[in-house]
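Okay, so here's the structure we're looking at.
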Amino acid sequence: MAAVLLTAFMSVGSAVAQQTPALQSYDVELLIFRNLNARDTPESWGVEAAADSAQQIAIPDDETEPAVPPTTAVAPVASFPSLPAAKMKLTAIEEQMRRSRGYQPVAHVGWTQPGYARNAAKYLAVSTLVPATSGLQGQIALTRGRYLHLTLDLVMDGTATGEGSRYVLRQTRRMRSNERHYIDSPKFGVIAVITPSTGSEAG
């Protein structure tokens, strides 16, 4: 009798596991840079920019809660595998920026992660992505509801670059996969690309 019950329990557990859908995985790539003179526009780099900050922070159409930056007190931290250089899509733009006088690349990073639900977001510490000499701190999260959302909570410490000031970029932005997006503050910005991982279901 005990063996029969155990078999039945294992069968139910297996059925539940089969019904639980696997999370779509995404390749996340960010190019973080300093804006030295603010004369060029985002369109100069072939990326999409929001019309204004209010639009970037607005409640998304498919959500019932505001798209707000995370708070470090409740943010579970995670680590994800790095994105190979061969899969990076922003290398050409990084090279253009290095040759320009208006921009200075600070970090070009990428990783692969599941598209967690917004109420189960896991945050990636910037310190795990960049060297301390970059002056960058903060955290990043990618979540998926009906749409993808990228949350940036970044601080650039100007003492690392000799400026002696701190600049903050805190925004949540609705993203479309496979498209370049531009997110900025007065002194530094981010170009982001979110791509469904190879072999995964497109999102």
Side-chain angles (χ1 to χ4, degrees), residues 22-35 38 40-63 66-70 80-100 102-103 105-118 121-124 126 129-130 136 138-154 169-186 188-203:
L23 291 176
Q24 164 73 45
S25 291
Y26 293 91
D27 294 337
V28 184
E29 182 182 358
L30 304 180
L31 176 57
I32 305 171
F33 57 93
R34 294 179 61 214
N35 190 341
D40 290 340
T41 63
E43 290 75 13
S44 300
W45 306 104
V47 300
E48 177 192 351
D52 51 46
S53 297
Q55 186 177 34
Q56 293 172 349
I57 300 297
I59 300 174
D61 295 339
D62 66 322
E63 306 291 350
V68 297
F80 304 112
S82 298
L83 188 65
K87 299 184 72 174
M88 296 285 198
K89 298 183 176 182
L90 299 175
T91 303
I93 293 179
E94 180 185 15
E95 293 174 353
Q96 292 178 45
M97 285 186 172
R98 291 193 185 282
R99 294 193 298 267
S100 77
Y103 296 95
V106 175
H108 187 184
V109 298
W111 64 92
T112 300
Q113 69 160 90
Y116 296 109
R118 297 191 77 198
K122 295 185 179 181
Y123 301 97
L124 187 61
V126 173
L129 302 172
V130 300
L136 284 172
Q139 56 189 358
I140 302 166
L142 176 72
T143 57
R144 178 185 178 184
R146 184 177 175 185
Y147 300 99
L148 290 170
H149 290 86
L150 181 68
T151 296
L152 302 175
D153 186 0
L154 304 178
L169 194 165
R170 302 185 73 237
Q171 295 186 23
T172 291
R173 179 78 178 276
R174 193 168 79 185
M175 309 287 288
R176 286 192 289 270
S177 59
N178 298 304
E179 294 188 12
R180 295 190 294 260
H181 293 259
Y182 175 83
I183 307 168
D184 72 338
S185 72
F188 74 105
V190 177
I191 296 178
V193 178
I194 313 297
T195 308
S197 295
T198 303
S200 298
E201 174 188 350

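Just so you know, these numbers come straight off a predicted model, no measurement behind them. We count residues from 1, following the sequence as given.
- Within the 4.5 Å cutoff, side-chain heavy atoms of I93 are placed close to those of R180.
- Contact of the V130 side chain with the I32 side chain is not registered, since no non-hydrogen atoms from C-beta on lie closer than 4.5 Å.
- For the pair S82 and W111, the minimum side-chain heavy-atom distance is 4.5 Å or more.
- Of the possible donor and acceptor atoms, one in the side chain of E29 sits under 3.5 Å from a partner among the backbone N and O of L90.
- For the pair V28/M175, no side-chain contact is recorded, criterion being any heavy-atom separation below 4.5 Å from C-beta on.
- Put simply, the side chain of Y103 does not reach to within 4.5 Å of the side chain of L31, judged on heavy atoms.
- When atom types are taken as modelled, the side chain of Q171 and the backbone of D184 share a donor-acceptor pair closer than 3.5 angstrom.
- Distance OG/S197 to NZ/K87: 5.5 Å, rounded to 0.5 Å.
- G115 and R144 get closest at one heavy-atom pair: O-CB, 3.8 Å.
- Using a 4.5 Å heavy-atom threshold, the side chains of L154 and I140 count as touching.
- Y26 contributes atom OH, which lies 10.5 Å from atom OG1 of T195 (distance to the nearest 0.5 angstrom).
- To the nearest 0.5 Å, atoms NE2 (H108) and CZ (F33) are separated by 12.0 Å.
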Notebook entry, point to check: Should L30 and L129 be marked as a side-chain contact (heavy atoms from CB on, under 4.5 Å) after you check the CA-CA gap, both sets of side-chain angles, and the distance that decides it?
Noted result: CA-CA 11 Å; L30 304 180; L129 302 172; 5.7 Å; no
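- Put simply, CD on Q139 and OH on Y123 are 7.0 Å apart, with the number rounded to the nearest 0.5 Å.
- In this structure, I191 and Y182 have side chains that are in contact, with non-hydrogen atoms separated by less than 4.5 Å.
- Between L169 and G189, the shortest heavy-atom contact is CD1-CA, 4.1 Å.
- The heavy-atom pair separating R118 from T172 by the smallest distance is NH2-CG2, 4.5 Å.
- Nearest heavy atoms, M88 versus G110: CE-N, 3.7 Å.
- Side-chain contact check for K89 versus N178: some heavy-atom pair is nearer than 4.5 Å.
- Each of I183, L152, L148 was scored for a side chain to side chain contact (heavy atoms under 4.5 Å, CB included) with R173, with one residue passing: I183.
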